[in-house]
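Below is one structure; the comments refer to it alone.
In what follows, residues are counted from 1 in the order of the sequence shown.
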Amino acid sequence: QVQLVESGGGLVQAGGSLRLSCAASGRTISVYDMGWFRQAPGKEREFVAAIRWSGGITYYADSVKGRFTMSRDNAKNTVYLQMNSLKREDTAVYYCAAKSGSYYYTAPEKYDYWGQGTQVTVSS
């Protein structure tokens with residue numbers, strides 16, 4: 001079992017930055033692909049970013065490409081999401097997730113473990 005706890009959310013003005021953290025416990029995340037997803041009110045959960053367990057290759061949704069950067073620190077058992085140039089449409093609850101196996105990085109149903117989420121609100 002892997003327990004995931006997100007932090008770093010909050011209220012920020014459009015154009016600002018936030019860094020989300022996801023701390024894992026229970027097992028090392030070094031063997032898991034890790035992902036960030038978000039869910040806005042009335043919308044489905046959507047893929048934001050993912051990082052492979054091997055090689056650190058990252059994937060991003062088109063809507064955040066060039067603005068968000070995902071990274072991992074296996075020694076700290078933590079992943080991060082640096083969010084720059086935030087827009088109002090980035091407002092959502094952000095979830096961290098972990099999965100084993102290959103591929104399907106953008107599919108939430110393929111992830112085995114989820115955190116409780118952290119709220120990000122971007123004001124104009």
Side-chain angles (χ1 to χ4, degrees):
Q1 285 280 3
V2 177
Q3 292 79 43
L4 303 171
V5 178
E6 303 94 337
S7 61
L11 175 64
V12 63
Q13 286 190 329
S17 298
L18 282 174
R19 188 176 83 151
L20 305 184
S21 298
C22 172
S25 60
R27 297 186 68 180
T28 176
I29 62 168
S30 63
V31 296
Y32 291 95
D33 297 324
M34 301 296 295
W36 285 98
F37 293 79
R38 66 187 182 187
Q39 188 166 18
K43 294 188 177 181
E44 293 186 354
R45 191 167 297 189
E46 66 172 0
F47 168 76
V48 175
I51 187 166
R52 292 172 61 172
W53 73 272
S54 176
I57 297 172
T58 51
Y59 305 87
Y60 298 97
D62 287 343
S63 59
V64 307
K65 202 170 293 183
R67 300 188 297 123
F68 290 11
T69 302
M70 184 173 183
S71 60
R72 66 191 301 158
D73 186 337
N74 289 337
K76 295 183 177 180
N77 228 26
T78 301
V79 296
Y80 305 96
L81 185 68
Q82 178 67 44
M83 305 187 296
N84 299 329
S85 302
L86 283 161
K87 305 175 181 179
R88 285 192 65 185
E89 51 264 43
D90 295 318
T91 295
V93 178
Y94 282 71
Y95 298 90
C96 173
K99 73 171 190 67
S100 55
S102 302
Y103 311 113
Y104 308 112
Y105 306 104
T106 66
E109 66 271 19
K110 296 297 185 181
Y111 285 76
D112 304 300
Y113 304 103
W114 291 84
Q116 293 300 306
T118 185
Q119 176 71 47
V120 172
T121 303
V122 184
S123 64
S124 59

Residue pairs, two or more places apart or on separate chains, that pass salt bridge (Lys or Arg N to Asp or Glu O under 4.0 Å) and touch residues 70-80: none
Sorted by chain and residue number, the side chain to side chain donor-acceptor pair (under 3.5 Å) partners of S30 (sequence neighbours excluded) come out as T28
By side chain to side chain donor-acceptor pair (under 3.5 Å) - contacts of D90 (at least two apart): R38, R67
Taking all atoms of both residues into account, what is the closest heavy-atom pair of D33 and R52, and its distance? OD1-CA, 3.2 Å
Under the side chain to side chain donor-acceptor pair (under 3.5 Å) definition, can you give me all pairs with a residue in residues 6-24, not counting sequence neighbours? S17-N84
Should Y113 and Y80 be counted in the same cluster of Ile, Leu, Val, Met, Phe, Trp and Tyr side chains packed under 4.5 Å apart? no
Which atom of V12 lies closest to which atom of L86, heavy atoms considered: CG1-CD1, 3.6 Å
Any side-chain heavy-atom pair of T69 and Y60 under 4.5 Å: yes
Can you name the residues that form a ring-ring contact (aromatic ring centres under 6.0 Å, His included) with W114, not counting sequence neighbours? F37
Among pairs that include at least one residue of residues 28-85, which meet disulfide (SG to SG under 2.5 Å), considering only residues two or more places apart or in two chains? none
Check whether any side-chain heavy atom of M34 lies under 4.5 Å from a side-chain heavy atom of L4, and answer yes or no. yes
Could you pull out all residues at least two apart from R88 that satisfy side chain to side chain donor-acceptor pair (under 3.5 Å)? none
Could you state whether W53 and M70 fall into the same hydrophobic cluster, counting links through intermediate Ile, Leu, Val, Met, Phe, Trp or Tyr residues with side-chain heavy atoms under 4.5 angstrom apart? no
Which pairs, with at least one residue in residues 19-124 and sequence neighbours excluded, count as a disulfide (SG to SG under 2.5 Å)? C22-C96
For the atom pair CD1 (I29) and OG1 (T78), what is the distance rounded to the nearest 0.5 Å? 6.5 Å
Do I57 and F47 share a hydrophobic cluster (ILVMFWY, side-chain heavy atoms under 4.5 Å, transitive)? yes
Taking atom CD as the centre, does Q3 end up with more than 12 heavy-atom neighbours from other residues, nucleotides or ligands that are less than 6.0 angstrom away? yes
Between L20 and V64, is there a shared hydrophobic cluster once you connect ILVMFWY residues whose side-chain heavy atoms come closer than 4.5 Å? yes
Run the ring-ring contact (aromatic ring centres under 6.0 Å, His included) test against Y104 and tell me which residues pass, sequence neighbours left out. none
Working for side-chain contact (heavy atoms from CB on, under 4.5 Å), residues Y105 and K99: CA-CA 9 Å; Y105 306 104; K99 73 171 190 67; 4.0 Å; yes
Any chance you could measure W36, atom CH2, to T118, atom OG1, to the nearest 0.5 Å? 7.5 Å
Nearest heavy-atom neighbours spanning A14 and S124: CB-CA, 4.4 Å
If you take all heavy atoms of A24 and V2, which pair is closest and at what distance? CB-CG1, 4.2 Å
Considering all heavy atoms of both residues, which atom of Y111 and which atom of A50 are nearest to each other, and what is their separation? OH-CB, 3.7 Å
Less than 4.5 Å apart, side chain to side chain, heavy atoms only: is that true for Q119 and L11? no
Identify, with sequence neighbours excluded, every residue that meets side chain to side chain donor-acceptor pair (under 3.5 Å) alongside K43. none
Pairs flagged by disulfide (SG to SG under 2.5 Å) wherever residues 27-63 is involved - sequence neighbours left out: none
If we ignore hydrogens and angles and just use 3.5 Å, is the side chain of N77 paired with the main-chain N or O of R27 as donor and acceptor? yes
Non-neighbouring partners of F68 that pass ring-ring contact (aromatic ring centres under 6.0 Å, His included), sequence neighbours left out: none
State yes or no: do Y94 and I51 share one hydrophobic cluster built from I, L, V, M, F, W and Y residues joined by side-chain heavy-atom distances below 4.5 Å, directly or via other members? yes
Does atom CD of E44 have more than 12 heavy-atom neighbours from other groups under 6.0 Å away? no
